[in-house]
Amino acid sequence: MNAPLRTPREILAEQGKLTKTVIAVHAGERTLDLMTPVPAGTEITPIDVTDPDALAVIRHSTAHVLADAVQRLYPGTKVTFGPAIENGFYYDFDRRDGQFTEDDFEKIEAKMREIVAADFPFRREVIEKADAKKLLEGMGENFKVEHLERLQGEISLYRHGEWVDLCEGPHVPSTGFLRAVKLTSVAGAYWRGDERNPMLQRIYGTAFPSQKELDAYLHSLEEARKRDHRKLGKELELIAFHPLAPASPFFLPRGAQIYRRLIDYVRALYDRSGYQEVVTPQVFDRELFETSGHLPTYGDNMFMAATVETVERAAEALVAKPGATAEELHKTVWDQMRFGLKPMNCPGHCLMFGMTRRSYRELPMRIADFGRLHRFERSGVTQGLTRVRTFCQDDAHIFCSLDQLQSEIVAFLGQVYSVYQDFGFSEVRVVIATRPEKRMGSDEVWDRSEAALQTAVQAKGLPFEIAPGEGAFYGPKIEFHLKDALGRPWQLGTIQVDYNMPQAFNLGYVGEDNTSHTPVMLHRAILGSIERFFGVLVEHVGGAFPVWLAPEQVAVLTVTDKVNDYAAEVVTLLKAAGIRVIADTSADKLGAKIRNARNMRLPYLAVVGLKEAEQRGLSIRSRDENKELGFLTLDDFIARVRTESLPSSLRPNT
RNA sequence: GCCCAGGUAGCUCAGUGGUAGAGCACCUCCUUGGUAAGGAGGAGGUCGUGAGUUCAAUCCUCAUCCUGGGCUCCA
């Protein structure tokens with residue numbers, strides 16, 4: 001009944017396809033190594049060492065070599081997992097006698113090179129679970145034993161040289177295939193990713209088929225670091241941080257110019273799309289957040305606002321509780337905190353909706369708010385502009401009827417793509433995040449919400465992924481992810497369907513049938529956190545903001561101080577035309593002025609000398625075209641910059 | 001919050017158990033120069049903060065704050 005098993009190596013050899021550079025094979029969906037038997041007759045295609053699909057195999061095998069090297073150098077260290085990841089691999093170790101630091105890398109890499117040079121063949125071995133257990137227990141590999149207990153089906157071991165690991169493969173034929181290897185960093189990581197579990201030590205590394213490709217990768221990392229928004233933000237005088245406001249950015253004048261334009265851009269979009277902007281309070285009575293569910297769910301991450309009154313009441317409450325435990329006292333004080341800084345705008349918007357009697361004629365009601373939000377992000381999770389403790393979103397809540405839900409979501413999806421296009425983002429990942437374990441509302445409501453999102457995405461024909469359990473506590477969401485310079489994905493835009501919060505706030509509107517209905521609420525943001533968007537945008541454009549966003553669009557550079565008056569006049573005229581312009585009339589030579597302005601990534605340099613003053617024009621040099629455009633009259637130049645001062649979606653069609 | 005690394009002038013960095021250095025930026029002067037750095041001089045730091053070891057600490061130890069790389073988390 002069962003077809004006889006053959007290894008891919010045997011099959012390829014028969015077909016004459018077994019070259020020295022074949023490291024694995026595709027068999028349908030699966031990637032298998034040359035020693036994993038398949039039923040005779042299985043269609044297989046060889047994977048060459050240079051094939052992109054070879055990378056994961058090379059890296060996973062490299063992780064084994066790393067673990068081997070580490071166990072040779074640091075006896076007693078236990079192994080856990082070592083998968084290939086997007087740009088490399090890692091291996092998690094349990095080492096009791098010390099910590100790995102990057103200083104150890106040289107030694108470990110040297111040992112790895114020895115193992116590679118020995119060109120040990122990888123060998124695969126299928127084993128009974130009980131035997132595997134005995135083996136691993138004998139080796140003292142308790143993490144592997146624990147993992148084994150959860151495994152079902154065929155149990156395989158991989159060996160190279162003396163080293164053996166519980167592993168399903170696939171692996172390269174021998175360690176000699178691992179020619180270009182580099183360890184990159186160390187980090188802590190919880191066993192099985194659960195913070196209640198012991199912390200292991202993780203070593204990250206990367207591997208490529210050749211040194212040339214490894215070098216190219218390291219070079220690209222280097223280039224990416226140059227675009228890091230924290231570095232550019234400082235160099236270009238966009239943002240700053242101060243220890244007295246941890247994880248809270250200052251937007252310097254140049255950064256604030258851009259920040260403001262991001263918001264202006266969204267405002268203009270709102271004006272065209274039926275949104276109404278509001279301004280709402282910063283500090284609310286805690287009762288609001290209890291109703292909304294934020295305090296019970298995210299109380300740990302809220303800033304509470306204490307007043308003298310709070311402290312007095314807390315003191316009295318504590319005095320009344322002699323001998324209480326620390327935990328009880330904690331609660332006693334916490335309970336006296338009456339006010340909290342808003343971490344979200346939605347509860348405030350629910351209050352607003354509920355302030356007057358609403359009619360179906362008012363729906364959909366789209367309430368926009370650029371209110372400042374504060375979230376006490378745990379130390380260690382904050383990062384540059386991409387994860388901060390104070391930020392503002394291009395936040396809006398759409399209160400609508402069930403009938404309107406679908407069209408609102410679809411309209412929003414259209415807006416998101418148009419906006420991302422204006423900013424030059426093309427690679428957008430769409431993720432639908434479904435119900436989490438900790439949530440409000442019934443399963444029927446969640447079924448409906450999730451279906452609404454999925455239907456809309458499908459109606460738009462967008463490819464999407466599902467992230468199970470990743471939704472907000474009040475509703476599922478569609479997330480839009482973009483990547484930063486280092487390839488790390490960030491969620492920017494989102495739209496979330498929420499049947500729960502309107503219910504929690506007991507919101508209603510009078511329908512056509514003259515009875516009360518509960519509105520559905522959509523939480524949506526396109527840029528998401530303006531701070532985060534700013535950071536990702538800086539990296540995306542490498543600090544070279546398009547003309548419509550640049551803090552200064554033109555730098556007037558004088559050749560001699562004989563033309564200072566003309567330069568001043570040019571500045572006045574350009575400003576009058578709404579163009580953002582600065583002048584450099586310093587004693588620097590022209591070359592230095594150009595260098596400075598280019599380093600600040602100004603889109604246009606306008607050189608002014610006696611010739612230009614005489615002919616009432618400018619010698620223009622363009623950053624984006626990276627060349628001199630030659631002499632332009634003031635009028636021609638003004639017309640050009642004014643056109644480019646609009647995002648592409650708002651430019652007149654030419 | 002957890003693991004690891006770092007914090008020296010405005011910026012980028014070097015450095016030492018005996019109270020600190022470079023380049024750029026800044027200030028002054030000279031130079032009026034045509035498309036990526038003209039020249040000279042000057043000023044600027046209680047070496048993140050607190051404690052400890054030491055005759056002596058920027059350097060060693062501990063604590064703490066901040067930042068970075070990860071883990072967990074992200075309404």
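So you know, we letter chains A, B, ... as the sequences are listed, proteins then strands, and number each from 1.
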Worksheet entry | Interatomic distance where NZ belongs to A/K231 and C1' belongs to B/G69 [whole Å] | 17 Å
Discussion item. Using OP1 and OP2 only, check whether a side-chain N or O of A/K234 sits under 4.0 Å from B/U12.
Written reply: yes
Discussion item. Does A/Y90 reach a base, just sugar-phosphate, or nothing at all? Heavy atoms under 4.0 Å.
Written reply: nothing
Practice prompt. Please tell me if the side chains of A/V520 and A/P502 come closer than 4.5 Å, counting only heavy atoms from C-beta onward.
Written response: no
Discussion item. Taking side chain to side chain donor-acceptor pair (under 3.5 Å) as the cut-off, I'd like each qualifying pair that reaches into residues 295-305 of chain A, sequence neighbours left out, listed once.
Written reply: none
Worksheet item: Given the C1' atoms of B/G44 and B/U8, what is the spacing between them in whole Å?
Response: 14 Å
Worksheet item: If you look at every strand shown and take non-hydrogen atoms under 4.0 Å, does A/E102 touch a base, only sugar-phosphate, or nothing?
Response: nothing
Worksheet item: Using a cut-off of 4.0 Å on non-hydrogen atoms, how would the nucleic acid contact of A/S619 be classed: base, sugar-phosphate, or nothing?
Response: base
Discussion item. Which residue is it: A/Y474, A/F473, A/Y499? I am looking for the one with a ring pair (Phe, Tyr, Trp, His ring centres under 6.0 Å) to A/H523.
Written reply: A/Y474
Practice prompt. Both distances under 3.5 Å, Watson-Crick or G-U wobble: report the partner of B/G23, or none.
Written response: B/C11
Fill in: Distance-only donor-acceptor test (3.5 Å): side chain A/Y190, base B/G70
no
Worksheet item: What integer number of Å spans the C1' atoms of B/C24 and B/C4?
Response: 32 Å
Worksheet item: Which residues satisfy the side-chain contact (heavy atoms from CB on, under 4.5 Å) test with A/L73, sequence neighbours excluded?
Response: A/K107, A/I108, A/K111
Worksheet item: Which is true for A/E470 with a 4.0 Å heavy-atom rule: it touches a base, it touches only sugar-phosphate, or it touches nothing?
Response: nothing
Item to complete: Scan nucleotides 38-45 of chain B nucleotide by nucleotide, 5' to 3', and note B when protein non-hydrogen atoms come under 4.0 Å of the base, S if they reach only the sugar-phosphate, - if neither.
Response: S-------
Discussion item. Judged by each residue's nearest nucleotide on RNA chain B, which is more toward the 5′ side, A/E479 or A/G193?
Written reply: A/G193
Worksheet entry | Under-4.0 Å side-chain N/O to phosphate OP1/OP2 contact, A/R387 with B/U67 | no
Worksheet item: Between A/F505 and A/F353, does the ring centroid distance fall short of 6.0 Å?
Response: no
Worksheet item: Base, sugar-phosphate, or nothing for A/D194, non-hydrogen atoms under 4.0 angstrom?
Response: nothing
Practice prompt. For A/Y474, answer base if it contacts any base atom (sugar-phosphate contacts may also be present), sugar-phosphate if it contacts only those atoms, and nothing otherwise; contact means non-hydrogen atoms under 4.0 Å.
Written response: sugar-phosphate
Discussion item. In whole Å, measure the gap between the P atoms of B/G17 and B/C3 for me.
Written reply: 30 Å
Worksheet item: Which of these nucleotides, B/U67, B/G1, B/A75, is closest to any side-chain atom of A/A247?
Response: B/U67
Practice prompt. Look at the side chain of A/R595 against the base of B/U35 and say whether a donor-acceptor pair falls under 3.5 Å; ignore hydrogens and angles.
Written response: no
Worksheet item: Of all the choices, B/U72, B/U35, B/C74, which nucleotide is nearest to the side chain of A/R378 once you look at every atom?
Response: B/U72
Worksheet item: What distance, rounded to whole Å, do you find between the two P atoms, one in B/A20 and one in B/A9?
Response: 14 Å
Discussion item. What's A/G384 touching, base or sugar-phosphate or nothing? Going by heavy atoms closer than 4.0 Å.
Written reply: sugar-phosphate
Practice prompt. Under 4.0 Å between any heavy atoms, over every strand shown, what does A/K438 touch: base, sugar-phosphate, or nothing? Just pick one.
Written response: nothing
Practice prompt. Could you work out the separation of B/A57 and B/U16 based on their C1' atoms and round it to a whole Å?
Written response: 11 Å
Response to the item:
Across all chains, not counting sequence neighbours, the side chain to side chain donor-acceptor pair (under 3.5 Å) partners of A/N142 are none
Practice prompt. Under 4.0 Å between any heavy atoms, over every strand shown, what does A/T101 touch: base, sugar-phosphate, or nothing? Just pick one.
Written response: sugar-phosphate
Item to complete: Answer yes or no: does a side-chain N or O of A/Q99 lie under 4.0 Å from OP1 or OP2 of B/C4?
Response: yes
Discussion item. Taking pairing as Watson-Crick or G-U wobble with both contacts under 3.5 Å, can you name the mate of B/A63, or confirm there isn't one?
Written reply: B/U49
Worksheet item: How is A/N301 classified with respect to the nucleic acid when contacts are heavy atoms under 4.0 Å: base, sugar-phosphate, or nothing?
Response: base
Worksheet entry | No-H, no-angle donor-acceptor pair, A/Q383 side chain to B/G70 base, under 3.5 Å | no
Worksheet item: Between B/U12 and B/G6, how far is it from one C1' atom to the other, in whole Å?
Response: 15 Å
Fill in: C1' gap between B/U54 and B/C59, integer Å
13 Å
Practice prompt. Under 4.0 Å between any heavy atoms, over every strand shown, what does A/P246 touch: base, sugar-phosphate, or nothing? Just pick one.
Written response: sugar-phosphate
Discussion item. What contact category does A/L610 fall into here, base, sugar-phosphate, or nothing, at under 4.0 angstrom with non-hydrogen atoms?
Written reply: base
Discussion item. With a 4.0 Å limit, can you tell me whether A/R621 has a side-chain N or O closer than that to the phosphate oxygens OP1/OP2 of B/A36?
Written reply: yes
Discussion item. As a test of reading the structure: which of B/C74, B/A75, B/C4 is closest to the side chain of A/M344, going by heavy atoms?
Written reply: B/A75
Worksheet item: For atom P, what is the distance between B/A56 and B/G68, given to the nearest Å?
Response: 37 Å
Discussion item. Quick check on RNA chain B: between A/F376 and A/R598, whose nearest nucleotide comes earlier from the 5' end?
Written reply: A/R598
Practice prompt. Can you sort out the partners of A/R389 under side chain to side chain donor-acceptor pair (under 3.5 Å), two or more places apart, ordered by chain and number?
Written response: none
Response to the item:
In whole angstroms, the gap separating P of B/C2 from CZ of A/R192 amounts to 24 Å
Practice prompt. Would you please say whether a donor-acceptor pair under 3.5 Å links the side chains of A/Q496 and A/T494?
Written response: yes
Worksheet item: For A/P468, which residues count as a side-chain contact (heavy atoms from CB on, under 4.5 Å) partner, sequence neighbours excluded?
Response: A/T434, A/I466
Worksheet item: Cut-off 3.5 Å, side chains only: do A/K611 and A/S619 have a donor facing an acceptor?
Response: no
Worksheet item: A/A187 has a side chain; which of B/U32, B/G69, B/C66 sits nearest to it?
Response: B/G69
